[in-house]
Amino acid sequence: MTNINKPLQRKFFLGDTLKIARELLGKIIVKHDGKNILKGKIVETEAYIGEHDPACHAFQKFTDRSSVLYEKGGTIYVYFVYGNYFCFNIVTGKEGTGDAVLIRAVEPLEGLEIMKNRRPKAKNTRELTNGPSKFCMAFGLDGKFNRNDITGKDIYITSPAKREKFEIASSKRIGLNVGVDFPYRFFIKNNEFVTKHKFNNTI
DNA sequence: GACAAGATTAGCT
DNA sequence: GCTAATCTTGTCT
């Protein structure tokens with residue numbers, strides 16, 4: 001039972017970053033993992049705007065790491081933090097803008113056994129993917145995917161076969177020391193896979 | 001070449 | 001709820 005439409009095309013990722021961050025909610029991220037297929041519904045995102053956002057890695061600095069953010073929309077930006085963890089971003093907008101959307105949490109749909117193997121610490125299904133680095137671990141995403149393309153054949157995003165109804169809420173972003181005032185975090189209201197956090201109130 | 005900080009997580013109080 | 005763990009990247013000397 002695949003129930004999967006065609007992958008989102010390049011055009012989707014070239015639009016407005018904040019709009020894309022909202023529209024990605026409820027979409028399905030698919031990863032071909034060897035013989036296996038992993039699927040998850042995106043339930044939480046954050047937008048990073050290169051031009052005016054001090055929290056964005058591309059803000060007023062073009063470095064080896066942030067140069068990926070200036071690629072055209074649909075490019076994957078994976079980076080390493082805190083010595084252990086990866087965060088998975090999708091570059092948005094036209095080439096040269098420095099915008100990206102961070103995938104913070106997904107709801108596991110397929111390939112649960114593989115995810116559990118990769119996340120031995122997770123005590124339950126919810127803990128498999130309810131955090132940006134947890135999602136990366138469960139899906140086996142690491143630095144090798146940096147600069148890859150989200151419209152490729154091994155990893156891509158599709159719309160669900162059935163359009164679900166859900167409410168989108170927004171809040172301040174999490175884990176930042178700068179740019180905390182921008183309400184650029186978006187999540188599906190009342191979805192249990194959204195990261196639990198003190199900022200989970202709607203703004 | 002050295003140093004400080006970081007888009008987090010897990011484990012302990 | 002609070003803090004240590006851990007190492008890459010960017011910046012400064």
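To find a chain, count down the sequence lines: A is the first, B the second, and so on, and within it residues start at 1. All values below come from the heavy atoms of this structure, side chains included, with hydrogens, waters and symmetry mates left out.
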Partner nucleotide, any strand, of C:dT8 [Watson-Crick/G-U, under 3.5 Å]
B:dA5
Pair assignment for C:dT3, Watson-Crick or G-U wobble, requiring both distances under 3.5 Å:
B:dA10
Would you call the rings of A:Tyr184 and A:Phe182 parallel, tilted or perpendicular, where under 30° means parallel and over 60° means perpendicular?
parallel
Rounded to whole Å, please give me the gap between [atom1] in [X] and [atom2] in [N].
| X | N | atom1 | atom2 | value |
| --- | --- | --- | --- | --- |
| A:Asn130 | B:dA7 | CG | P | 19 Å |
| A:Ile174 | B:dG6 | CD1 | C1' | 16 Å |
| A:Lys121 | B:dG11 | NZ | C1' | 10 Å |
| A:Asp142 | B:dT8 | CG | C1' | 17 Å |
| A:Arg173 | B:dG6 | CZ | P | 14 Å |
| A:Asn84 | B:dA5 | CG | P | 19 Å |
| A:Met137 | B:dT9 | CE | P | 7 Å |
| A:Glu127 | B:dT8 | CD | P | 17 Å |

Nearest to the [X] side chain among [options], which nucleotide is it?
| X | options | answer |
| --- | --- | --- |
| A:Tyr85 | C:dG10, B:dG6, B:dA10 | B:dA10 |
| A:Lys134 | B:dT9, B:dA7, C:dG10 | B:dT9 |
| A:Ser133 | B:dA7, B:dT8, B:dA10 | B:dT8 |
| A:Phe80 | B:dA7, C:dC7, C:dT11 | C:dC7 |

Near-parallel close stack of A:Tyr82 and C:dA5 base (under 5.5 Å, under 30°)
no
Using OP1 and OP2 only, check whether a side-chain N or O of A:Arg185 sits under 4.0 Å from B:dA7.
no
It should be established whether A:Arg119 places a side-chain nitrogen or oxygen under 4.0 Å from OP1 or OP2 of nucleotide B:dA10.
yes
Under 4.5 Å between any side-chain heavy atoms of A:Ile37 and A:Lys31, yes or no?
no
Side-chain contact, heavy-atom cut-off 4.5 Å: A:Val91 with A:Asp99?
no
Check the side chains of A:Glu44 and A:Thr195 for a donor-acceptor pair under 3.5 angstrom, ignoring hydrogens and angles.
yes
Other residues, nucleotides, ligands: >12 heavy atoms within 6.0 Å of A:Glu167 CD
no
